[in-house]
J.: 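Input: one structure, supplied below.
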Amino acid sequence: MRYLVLPSSRSSGIGNGLTYEANDVKVGSAVRVPLRNKLVEGIVFDVIQERASVEYDVKQVKEILGDAPLLTDVQLRLVRWVAEEYCCSLRAALSVFLPPPPWSALLPADITGYALKGSIPEHLRSKKQMHVLEYLQGKDWVSIDNLKGGTGVTKPVLDALLKQDLIEKSLQKESSTETKNQKPKTNQPILTEAQKSAYESMRADPRPSLLFGITGSGKTEVYAQLIADTIEAGKQAILLVPEILLTEHSIHRFRNLIDPEYIAIVHSRLTPSQRRETWKKIHRGEISLVIGSRSALFSPLSKLGLVILDEEHEWTYKNEQTPRYHARETADALCRFTGAKLVLGTATPSLESWARAKAGRYHLARLPERYKNQPLPAVRVIDLAEARFGAMYPFSPPLLTAIEERLKKGEQSVLFLNHRGTATSLLCLQCRRRIVSPESQLPFTVHEGRDGKPFLLDHISGVSAPVPSECPSCHSTNLLAVGAGTQKVEALLRKQFPTARLLRADSDTLEHPEQMRLLLEKMRDGRADILLGTQSVVKGLDLPNVTLAAVLVADIGLSLPHFRAGERIFQLLTQLTGRSGRAKLGEVIIQTFRPNAPEILAAAKHKTEPYLEQELKLRLYTGYPPATRMIRLIFRGSDAKLRAEKLHIAVLQTIARQSLTAKASVAPTLFGAGKVWHVLLSCEEPRKIITQLDLTDVVIDVDPIECV
Ligand code: ADP
Ligand code: ZN
């Protein structure tokens with residue numbers, strides 16, 4: 001028989017596999033095959049049915065690794081889907097399904113264990129020895145780890161028992177040992193009426209469900225019920241969360257549901273050996289619930305019954321490296337292939353999901369009220385251009401007062417900072433323009449020089465300039481450096497509230513999910529007063545004593561030339577309003593230079609659905625996704641500009657030839673320092689166009705999220 005094998009080797013030209021001959025191998029198995037004059041690992045991807053017209057010399061598979069395939073048939077199907085959908089090689093698609101090579105390390109290892117030999121003697125002097133024998137009684141074989149865990153046995157005791165010939169020692173393969181095949185017990189959550197009806201409608205509908213529930217409505221409880229059902233039915237579930245740092249935190253919310261022994265955490269910050277161990281545990285069928293970031297979707301579960309994407313609108317679900325998959329779309333395909341139920345939960349649906357729900361492709365379930373009818377917090381919008389900061393920028397006086405009130409009452413505050421907290425630009429408070437670099441036409445950032453004096457720097461071109469005394473556009477002298485960094489903000493807070501207990505959470509200070517979990521425990525136990533964090537980290541928190549949530553400068557993103565900029569700000573602000581007043585009445589403060597921007601007004605009034613409707617209309621009108629599909633072609637290298645422009649022309653010619661309604665543009669990317677260029681193409685079926693083009697050395701990004 002002939003097989004298509006995907007080698008682990010990264011040599012070029014073999015990304016879609018090579019043909020090998022073998023007697024009988026199961027697809028999905030790991031093998032060793034000769035390649036050039038070396039032996040390399042590979043995965044048997046497919047059986048080759050038809051004979052090649054030209055007979056050529058096909059090499060033999062050298063060795064089959066292990067007895068069981070590493071990948072299931074469904075996973076292989078999904079590899080193919082990812083490769084086709086996101087225009088990459090099969091090998092690139094495969095790379096997210098397995099821990100890094102060597103794949104032989106994923107095979108079941110030999111482990112030591114013990115068994116009773118004959119029956120237990122009536123008299124035995126040592127109580128410890130007796131305890132071990134009793135523990136082994138009625139069991140075929142117990143691994144050393146489990147025996148130690150169950151009895152606390154030490155080596156001398158085992159040696160003594162071996163010497164008396166009362167027990168015997170042997171090696172067994174990991175997977176054939178005492179695999180837990182009982183399903184774990186679940187504790188059913190108690191749902192409110194509203195939650196129950198949302199849950200029941202989702203259960204009854206085979207389509208993917210969009211669970212549109214406002215912040216604090218108890219989406220997690222509904223997930224828990226769905227997960228419990230899945231496990232009760234003897235199946236397995238995946239819960240995806242958008243932020244790696246929050247994975248550990250999420251476990252604690254499912255501890256009451258099942259024994260944590262049956263839960264696995266999967267994300268890219270695990271060490272290679274942790275990744276392998278977790279993968280093996282899941283592969284052996286010992287796990288019922290996988291919680292993780294987007295890559296957890298590729299876990300080797302054989303009885304998948306449910307996939308949940310929490311905060312489905314989050315941009316982190318898109319992988320920004322090859323394979324450039326979107327977890328939402330990939331989960332949709334996986335659920336189609338397995339018959340598993342897909343649930344997308346959010347307080348601010350992505351426009352993609354909203355459009356599908358309206359078209360009937362997704363089932364829509366709603367949770368329009370907070371748990372226990374807790375009211376949504378009142379939102380105050382503060383115009384930063386009008387505020388009198390003194391030395392406290394970016395803290396406006398009303399914000400400082402609000403924080404102080406919380407401290408007096410023993411309540412907590414959460415403060416959001418800009419993602420790029422250190423990039424500070426110079427804003428004219430009169431005409432509200434930023435001072436831009438003549439070189440790149442992008443805002444200058446403000447830096448502190450060695451002499452302590454500020455100067456302007458253009459990060460794209462490297463050009464620097466002194467801080468001007470007046471605005472080049474309107475000549476006002478009312479200029480302000482905006483966008484304070486985390487450290488500066490922290491220092492200001494410490495000065496203003498010296499006795500407040502302050503915590504800082506951003507991806508600079510936190511490296512591991514465990515650190516984030518400990519930090520949140522401090523907030524939960526009341527050992528901290530103020531949590532200062534970057535937006536991506538602070539977004540999804542459920543902390544009952546928080547009665548003030550504030551964003552210091554809401555405008556980041558608003559001024560980016562990006563068709564999703566408004567959507568992003570709206571989602572962020574709605575998330576912010578969701579952090580406050582979850583158990584008692586709370587307040588939200590939005591500080592902004594654009595108090596009248598539509599997304600800010602809509603978020604302040606909790607008007608999610610009208611916002612989505614309006615934005616969807618705008619996308620239809622302007623021809624942007626989800627009204628169309630977009631493909632981004634990325635060019636790197638010294639001739640990036642030349643190649644991008646050439647391809648742009650080819651795209652335009654193809655559009656004209658096929659008389660399609662399509663849009664195509666070419667530009668340098670915003671953060672590529674002039675060295676990265678891209679062509680953006682949007683129309684109903686952009687694939688029809690790109691299949692006509694020569695795309696050698698071009699990175700293809702299907703349904704791009706970042707496109708500036
Ligand atoms: P969401 O994810 O929709 O923002 P959560 O699931 O975090 O909301 O729920 C908000 C809060 O209300 C949580 O502290 C949660 O424990 C509580 N809650 C929601 N529903 C229930 C319920 N049915 N029983 C007990 N507590 C609930
Ligand atoms: Zn001005």
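Quick note: residue numbers are just sequence positions, from 1. These figures come from a predicted structure and were not determined experimentally. Atoms within a ligand are numbered from 1 in the order they appear, just like the ligands themselves.
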J.: Does ligand 1 have any atom sitting under 4.0 Å from a heavy atom of Gly578?
T.: no
J.: Taking only heavy atoms of Thr220 into account, list the atoms of ligand 1 that are under 4.0 Å away from them.
T.: 2 (O), 5 (P), 6 (O), 7 (O)
J.: Within the 4.0 Å heavy-atom shell around Gln195, which atoms of ligand 1 are there?
T.: 19 (C), 20 (N), 21 (C), 22 (C), 23 (N)
J.: Show the atoms of ligand 1 that are less than 4.0 angstrom away from any heavy atom in Ile190.
T.: 22 (C), 23 (N), 24 (N)
J.: So is there a nitrogen or oxygen of Arg582 less than 3.5 Å from a nitrogen or oxygen in ligand 1?
T.: yes
J.: Give the residue and atom name of whichever protein heavy atom lies nearest to atom 11 (C) of ligand 1, and the separation in Å to one decimal.
T.: Asp542 OD1, 3.9 Å
J.: Rounded to the nearest 0.5 Å, how far does SG of Cys428 lie from CD of Glu470?
T.: 10.0 Å
J.: Looking at ligand 1, is there an atom of it that comes within less than 4.0 Å of some heavy atom belonging to Ile214?
T.: yes
J.: Looking at Arg406 and Glu587, does any basic side-chain N land under 4.0 Å from a carboxylate oxygen?
T.: yes
J.: Would Gly216 count as a contact residue for ligand 1, given that I'm defining contact as a non-hydrogen atom of the residue lying under 4.0 Å from a ligand atom?
T.: yes
J.: Would Arg564 and Glu615 pass as an ion pair if we require N to O under 4.0 Å?
T.: no
J.: Below 4.0 angstrom from a heavy atom of Thr215, which ligand 1 atoms are there? Numbered from 1 as shown, please.
T.: 4 (O)
J.: May I ask you to check if any N/O/S atom from Cys474 comes under 2.8 Å of the Zn ion (ligand 2)?
T.: yes
J.: Would you mind checking if Glu521 and Arg517 are paired as a salt bridge, meaning a charged N to carboxylate O distance below 4.0 Å?
T.: yes
J.: For the residue pair Tyr362 and Trp354, is the inter-centroid distance of their aromatic rings smaller than 6.0 Å?
T.: no
J.: Report, rounded to 10°, the angle at the Zn ion (ligand 2) between the two atoms SG (Cys471) and SG (Cys428).
T.: 110°
J.: Where is the tightest heavy-atom contact between Asp310 and Pro242, given as atom of each residue plus distance?
T.: O-CD, 3.7 Å
J.: Charged N to carboxylate O below 4.0 Å: is that the case for Arg361 and Asp332?
T.: yes
J.: Give me the nearest non-hydrogen protein atom to atom 16 (O) of ligand 1 as residue plus atom name, then the distance to 0.1 Å.
T.: Glu221 OE2, 3.4 Å
J.: Shortest non-hydrogen contact from Gln236 to Thr230?
T.: O-CG2, 3.5 Å
J.: What is the nearest protein non-hydrogen atom to atom 8 (O) of ligand 1, stated with its residue, atom name and distance?
T.: Gly218 N, 3.1 Å
J.: Run the salt-bridge test on Glu613 and Lys358 with the 4.0 Å N-O cut-off and return the result as yes or no.
T.: yes
J.: Can you tell me which portion of Gln225 lies within the under-4.0 Å heavy-atom range of ligand 1? Options are side chain, backbone, both, or neither.
T.: neither
J.: If you measure every N or O of Gly213 against every N or O of ligand 1, does any of those distances drop under 3.5 Å?
T.: no
J.: Going by an N to O cut-off under 4.0 Å, is there a salt bridge joining Asp542 and Arg579?
T.: no
J.: Under a heavy-atom criterion of less than 4.0 Å, does Arg370 contact ligand 1?
T.: no
J.: Nearest protein heavy atom to atom 25 (C) of ligand 1, by residue and atom, and its distance?
T.: Tyr371 OH, 3.1 Å
J.: Salt bridge between Lys408 and Glu405, side-chain N to carboxylate O under 4.0 Å?
T.: no
